[in-house]
Amino acid sequence: MKKILAFIFAITLGVMIILSLSNNELFTDFGDTNHYDGISSGYITSEVGGDEEPALVPVNIVTGILVDYRGFDTLGEVTVLFVSSIGVALLLGVASPKRINLNFKPNFMLSVGSRALFGVMFLTGIYIVLHAKTSPGGSFPGGAMIASSILILYLSNDTFRTDVSKFKLGKSLAASGFVLVGLIGLLFTGEFLANFHPFIMDTILVLIAIDVAGGIVGIIDNFLTEERV
Amino acid sequence: MLLYASVLLIVIGLYGLLTNRNVIKIILSLNVLEIGLNIFIITVGFLDLEEAIAPIITLQQRASVIVVDPLPQALVLTAIVIGVGTTAIGLSLAKKMYDKYHTFNLDEMGEE
Amino acid sequence: MASLELLLIFTLISGVIAYLVGKVHPKTGSILTIIVSGIVFASLAYFGLNEQLLTKVSYLPYISFIQTPLAIFFGVLVSFVFFMVSFFNPYFIDKYTYKAVYSLLYLLSLAGIIGIFFTDNFMTLFFFFELVVWSSLFLIPLGRDEEVSVWYFGFSVFGSFALLSAILLMQSVTGTFDITTGLQAVSGFNRLSVFILLLIAAFAKLGAFPLHYWLPKVLTDSPDPVTSIFSGGLEKLGAFIAVLGLVKLVPTGFFIDVMDMYLTHYILAILGSLTIIGGTVMAIRQDDAKKLLAYSSMSNGGYIIVALSLGSSAGISGGLYHIIAHAIASTAAFLAIGAVARQTNTTKMSELGGMLHKMPITYMVYLIAIISMAGIPPMGGFISKWLIFQGVINKGLILVAAATFFGSIGSFLYVFRPLAALFLGQELPQFKETIKEAPIVMLIPMVILSLLNIVTGVYPTNILAYINTLLVDLNIVQLDITRWTIVGTNGTLNPALIAVMFALGVFIAFIIFISLKKSRKVELMDTYTAANFIYTEELLHYSVDFYAPIERLYEPYIHFMKKFYQALANKVREVGALVKYYIFTSKPEVATFFIMLVIAILLWGDLV
Amino acid sequence: MSEFLASLEFINYIEMVVSVLLVVLAIFTLTMKSLIKSVLFLSSLSMLSVVSFVLLKAPDVAITEAVIGSGLVTTLFVFTLLYVHQKERDVS
């Protein structure tokens with residue numbers, strides 16, 4: 001009975017969503033958006049950033065929005081990831097951590113193969129981060145890919161645990177560095193996170209990548225630890 | 001089509017949230033809902049034209065070529081990363097619950 | 001340092017330096033606070049009063065400052081209070097758990113408060129307002145009771161949100177964050193809203209009647225130097241915002257022709273009167289000297305509100321003069337109590353006595369301070385209260401006048417008590433040998449403040465002339481003053497003449513005192529009742545239950561506000577429990593259902 | 001009906017197939033009795049959403065979802081379930 005009610009209610013809500021969208025002036029039909037009239041046109045034609053040189057405008061508009069036009073939002077989001085990482089550490093943190101015994105011993109193929117895979121993934125991650133201005137991807141997937149590569153090494157190697165803590169330090173430093181870069185912009189042009197030199201955007205990309213990688217590695221590290229008995 | 005599929009995903013996620021009593025299942029429903037929502041937001045900025053391309057284009061060409069809306073994409077990009085954070089928090093809570101009650105089912109945990 | 005921004009940056013950086021130095025050697029860090037606040041005061045006073053303060057330098061983008069007489073008035077006063085109090089820091093630094101942090105927070109609040117006074121942009125004002133709130137918030141728990149800072153935080157948050165709402169409302173109506181143009185451009189109902197919100201912020205900072213609850217607690221339980229800067233400095237922040245709302249904002253609301261006054265201002269005057277009465281009544285029944293002065297501080301805040309809400313030249317100049325007089329007097333009084341507390345480790349009146357013999361200079365400082373606080377000539381408090389009485393009587397506000405007179409008479413009753421209990425009377429045996437006069441460095445600010453108390457009472461012309469230039473800036477008729485007299489509508493005041501008369505009276509009394517026969521000095525324990533020797537001398541201490549008959553009159557009503565806030569807290573908790581019971585139950589799907597219901601209702605608006 | 005079908009192009013067929021599969025996988029995710037199967041279906045749902053992102057011309061989001069959504073979220077679920085599995089074996 002309860003399930004039927006829930007089903008009816010959920011379906012009603014879905015129908016309501018679709019109906020309210022179909023007859024709405026504010027909301028265009030599927031595939032018929034008029035974003036060239038809205039705020040996005042400023043981002044596409046780079047009018048929002050002012051009279052910027054073409055060299056400063058990234059080819060990938062999404063990266064431009066994330067790092068330049070809405071850099072402050074991204075700072076907030078990096079903070080959210082940072083805080084959730086801290087939250088997981090608080091919830092699962094134990095006094096004397098030890099790796100969970102995962103009931104399988106990595107055999108020869110796995111340990112060698114994971115090392116090879118680690119190199120490939122790590123380099124791919126770095127590539128994605130560094131070429132975020134001209135190709136799809138960016139610091140978020142790049143950072144996550146670096147984190148995944150480390151995770152693979154982590155699974156195949158029992159003694160790897162101690163090195164992970166260094167990554168957490170990197171995460172904190174990167175978050176502070178983000179704010180620092182923003183303040184540099186404030187100092188030189190009077191605008192927080194101002195994009196006045198190509199180097200600024202690269203730095204921010206690398207810092208976000210380090211922060212994301214550090215945050216995710218921290219989360220997974222906490223998931224794989226337990227109290228030393 | 002994808003618009004309706006995404007709304008259906010949202011509905012399925014909500015249905016899962018309403019009916020499930022298992023913590024892991026609840027988090028799974030949330031993830032389904034989140035995927036549906038992400039697709040939905042992307043469809044808002046989609047331009048169903050042959051010549052519309054992904055928003056990766058140099059500044060000189062932008063005047064002559066139509067691109068899809070990049071803003072929803074940027075927002076969804078951040079939403080995905082935050083989704084990992086929320087899932088991680090939820091799962092760590094579930095883990096703590098399991099440590100205490102030795103079950104994932106809310107009915108068997110009892111009122112406290 | 002003639003540039004204001006440079007001064008602010010200097011203060012902030014030296015705060016950090018004081019912290020780093022304080023980590024190694026706490027005392028040196030606290031000595032740095034003396035030097036820095038001295039430099040801040042000296043530059044503000046020298047360049048500000050000569051109108052040479054540079055404010056258009058713009059080291060910091062989007063943060064702009066302006067030099068107005070009002071800003072200089074408040075800035076010089078508050079930096080002076082900080083400078084004076086900082087002499088106490090090296091002697092109290094050993095008592096704190098976090099010694100280095102104290103110096104940092106001290107200078108941070110100084111920088112914040114200077115920034116508030118000199119800015120012409122509301123967002124900058126809010127930034128510095130928060131800086132002051134947060135830095136002072138962490139100064140309080142260094143004292144006796146850490147829970148007090150929670151009260152302070154609660155009321156401060158309330159005030160901050162009111163201020164922020166006022167700023168944003170003003171900005172949305174007028175499109176500017178500029179203080180002067182914005183406050184003049186806002187109109188209609190929005191003006192009333194901005195007025196009310198600004199006054200809520202001012203009341204929360206000043207500790208005036210409905211939002212007074214934190215002030216006595218904070219002033220009692222924070223460390224002694226912090227109490228002094230709260231009473232003399234940080235409280236004046238509320239007065240500054242009250243000036244913004246009451247004088248700089250064009251008045252609004254229903255105009256009462258009979259009283260020649262706006263209804264909103266009349267209500268504020270009534271609230272100020274309630275503050276005066278409440279502070280006075282509560283001060284009378286305190287046993288702790290610090291708590292007593294705390295309530296007197298509250299009632300003096302009421303005087304400032306009453307004076308500023310009058311809107312006439314006598315009222316506003318009286319209010320501004322009262323800000324000076326009360327800052328000086330209350331700082332001196334709290335410093336004197338602090339000095340006693342440092343030497344004896346207590347501020348309970350029933351545990352002290354006879355300090356006159358051990359600490360004569362502190363006694364004189366305290367005597368002069370309380371004379372000023374009670375509004376007795378020839379001290380500064382008399383001049384300001386005379387002006388306020390003039391303003392109140394001119395407007396014909398009988399209820400408010402009654403309250404101000406009651407406060408004045410009540411302050412005779414209560415300020416005399418700590419004097420008698422702490423300093424006069426017999427020496428208690430436990431303090432007989434060990435107590436000495438306070439160190440010379442601590443005496444310096446106390447003596448300076450006492451001299452200023454007398455100067456402001458005998459020769460107020462210079463300060464009143466400056467207040468007159470300030471009134472020109474605020475578009476108010478100037479006060480009629482000559483070199484030696486202040487001309488009011490009901491008569492002319494000649495402070496110097498009064499001072500001479502008083503000096504004569506004191507001289508005659510002194511001659512009588514010398515020529516008469518000396519009384520025998522009695523030991524405290526030299527007492528017998530029904531031929532029994534009395535051991536529990538505390539019960540016979542004459543400050544215990546001093547005003548018991550008066551207290552009995554209003555005893556049932558004193559916990560009125562405490563009950564109100566407790567009931568409020570209970571109601572909030574009940575609402576939370578209700579929400580928790582019906583929505584956030586142990587079943588997550590119920591919460592999901594309610595969220596979906598809200599979404600459905602919102603979507604329904606789109607459908608139909 | 002036939003006119004509608006005639007107007008469709010190859011890309012529209014792909015879109016329809018992806019849409020239907022998305023919904024089917026989502027239902028599977030929530031109806032599986034075994035938790036680990038649910039998690040695996042979630043992972044495949046996430047992978048399929050990557051395809052839909054590519055169809056919607058959002059390559060950045062597609063890469064991010066591929067790495068984070070289907071990779072890391074699945075690992076988190078799997079680790080939690082492994083931990084529980086471990087605990088159960090310790091008890092018995």
Side-chain angles (χ1 to χ4, degrees), chain A residues 2-3 5-7 9-11 13-15 17-18 21 27-28 30-33 35-36 38-40 43-46 52 54 57 59-66 69-70 73-74 77-78 80-81 83-85 87-88 91-92 134-136 138 140-141 143-144 212 215-216 219-220 222-223, chain B residues 1-4 6-20 36 40 43-49 52 54-63 65-82 84-93 95-96 99:
Chain A
K2 196 179 143 194
K3 285 196 173 181
L5 273 179
F7 182 74
F9 189 62
I11 287 288
L13 198 68
V15 171
I17 290 172
I18 288 178
L21 293 185
F27 202 87
T28 52
F30 174 68
D32 194 23
T33 174
H35 60 275
Y36 275 93
I39 192 169
S40 299
Y43 298 141
I44 294 169
T45 56
S46 181
E52 280 185 294
V57 180
V59 174
N60 190 341
I61 303 176
V62 176
T63 305
I65 291 174
L66 279 178
Y69 309 129
R70 295 197 167 219
D73 290 1
T74 309
E77 189 221 348
V78 165
V80 170
L81 193 69
V83 169
S84 68
S85 157
V88 172
L91 279 169
L92 299 179
T134 50
S135 62
F140 287 109
V212 170
I216 292 173
I219 287 172
I220 289 172
N222 276 309
F223 264 87
Chain B
M1 273 311 270
L2 276 172
L3 178 72
Y4 299 112
S6 64
V7 173
L8 262 177
L9 283 191
I10 294 172
V11 168
I12 293 166
L14 285 175
Y15 174 75
L17 279 179
L18 282 176
T19 51
N20 275 315
F40 178 78
T43 56
V44 171
F46 182 56
L47 205 55
D48 199 6
L49 293 172
I56 300 174
I57 184 166
T58 57
L59 192 60
Q60 289 81 16
Q61 294 170 313
R62 282 183 201 175
V65 180
I66 300 172
V67 298
V68 300
D69 196 351
L71 190 57
Q73 301 191 5
L75 295 181
V76 168
L77 201 65
T78 58
I80 291 172
V81 180
I82 290 178
V84 186
T86 49
T87 309
I89 293 272
L91 282 175
S92 45
L93 278 173
K95 216 169 150 184
K96 277 277 162 194
D99 280 348

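Proteins get letters first, then strands, A, B, ... in listed order; numbering begins at 1 in each.
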Colleague: Quick one: which of A:Val88, A:Ile220, A:Leu81 has the most heavy-atom pairs under 4.5 Å with chain B, could you say?
Modeller: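 The candidate making the most pairs under 4.5 Å is A:Val88.
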
Colleague: Out of the candidates A:Thr63, A:Thr74, A:Val62, only one should pair with B:Leu77 under the side chain to side chain contact (heavy atoms under 4.5 Å, CB included) rule; please name it.
Modeller: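 Single side chain to side chain contact (heavy atoms under 4.5 Å, CB included) partner of B:Leu77 among A:Thr63, A:Thr74, A:Val62: A:Val62.
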
Colleague: Determine the option with the most heavy-atom pairs under 4.5 angstrom with chain B, choosing from A:Ile17, A:Leu13, A:Ile18, A:Ile219.
Modeller: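 Result: the option with the highest number of such pairs is A:Ile18.
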
Colleague: Looking at every non-hydrogen atom in both residues, tell me the closest pair between B:Thr19 and A:Ala6 and how far apart they are.
Modeller: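 Where B:Thr19 meets A:Ala6 most closely, the heavy atoms are CG2-CB, 3.7 Å.
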
Colleague: Could you have a look at B:Ile66, B:Ile80, B:Val84, B:Leu2 and say which one has the most heavy-atom pairs with chain A under 4.5 angstrom?
Modeller: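 Answer, by heavy-atom pair count under 4.5 Å with chain A: B:Ile66.
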
Colleague: Working note: A:Arg70 + B:Leu71, criterion side-chain contact (heavy atoms from CB on, under 4.5 Å); need CA distance, chi angles, decisive distance, verdict.
Modeller: CA-CA 10 Å; A:Arg70 295 197 167 219; B:Leu71 190 57; 3.9 Å; yes

Colleague: Top residue by heavy-atom pair count (under 4.5 Å) with chain A, among B:Thr86, B:Asp69, B:Val11?
Modeller: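 Maximum pair count with chain A is reached by B:Asp69.
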
Colleague: Any sub-3.5 Å donor-acceptor pair from B:Lys95's side-chain atoms to A:Phe223's backbone N or O?
Modeller: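 Yes; at least one donor-acceptor contact below 3.5 Å.
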
Colleague: Of the non-hydrogen atoms in A:Leu66 and B:Ala74, which two are nearest, and what is the gap between them?
Modeller: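 Scanning both residues, the minimum pair turns out to be CD2-O, 3.8 Å.
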
Colleague: In Å, rounded to the nearest 0.5 Å, how long is the span from CZ of A:Phe140 to CD1 of B:Ile82?
Modeller: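 Going from CZ on A:Phe140 over to CD1 on B:Ile82, the span is 8.0 Å.
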
Colleague: In terms of heavy-atom pairs under 4.5 Å, which option from B:Leu18, B:Thr78, B:Leu3, B:Leu93 contacts chain A the most?
Modeller: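 Looking at each option in turn, the highest pair count goes to B:Thr78.
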
Colleague: Please round to the nearest 0.5 Å and tell me the distance separating atom CZ of A:Phe7 and atom CD1 of B:Ile12.
Modeller: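 Going from CZ on A:Phe7 over to CD1 on B:Ile12, the span is 9.0 Å.
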
Colleague: Name the region of A:Ser85, side chain, backbone, both or neither, that has any atom closer than 4.5 Å to a heavy atom of chain B.
Modeller: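 Looking at A:Ser85, nothing touches chain B.
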
Colleague: What pair of heavy atoms forms the shortest contact from A:Ser84 to B:Gly85, and how long is it?
Modeller: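 A:Ser84 and B:Gly85 have their closest heavy atoms at OG-CA, 3.5 Å.
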
Colleague: Can you tell which part of A:Leu92 gets under 4.5 Å to a heavy atom of chain B, answering side chain, backbone, both or neither?
Modeller: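 Interface part for A:Leu92: both.
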
Colleague: I'd like to verify something: which residue of B:Thr43, B:Ile10, B:Leu14, B:Val67 has the highest number of heavy-atom pairs under 4.5 Å with chain A?
Modeller: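 It is B:Val67.
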
Colleague: Report which part of B:Val65 has an atom under 4.5 Å of a heavy atom belonging to chain A: side chain, backbone, both, or neither.
Modeller: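 The backbone, not the side chain.
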
Colleague: Assess whether atom NZ of A:Lys3 is packed by more than 12 heavy atoms of other residues, nucleotides or ligands within 6.0 Å.
Modeller: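 12 or below, so no.
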
Colleague: Have a look at A:Ile61 and tell me which of B:Ile57, B:Ile56, B:Val68 forms a side chain to side chain contact (heavy atoms under 4.5 Å, CB included) with it.
Modeller: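 So, applying the side chain to side chain contact (heavy atoms under 4.5 Å, CB included) to A:Ile61 and each of B:Ile57, B:Ile56, B:Val68, only B:Ile57 qualifies.
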
Colleague: Checking A:Ile11 against chain B: side chain, backbone, both or neither under 4.5 Å from a heavy atom?
Modeller: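 Both backbone and side chain of A:Ile11 come within 4.5 Å of chain B.
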
Colleague: Considering only heavy atoms and a distance below 4.5 Å, find which of B:Leu17, B:Val44, B:Leu8 pairs most often with chain A.
Modeller: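 Going by pairs under 4.5 Å, I would pick B:Val44.
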
Colleague: Quick check on A:Leu91 against chain B: is it the side chain, the backbone, both or neither that has a heavy atom closer than 4.5 Å?
Modeller: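 Answer is both: backbone and side chain atoms of A:Leu91 are under 4.5 Å from chain B.
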
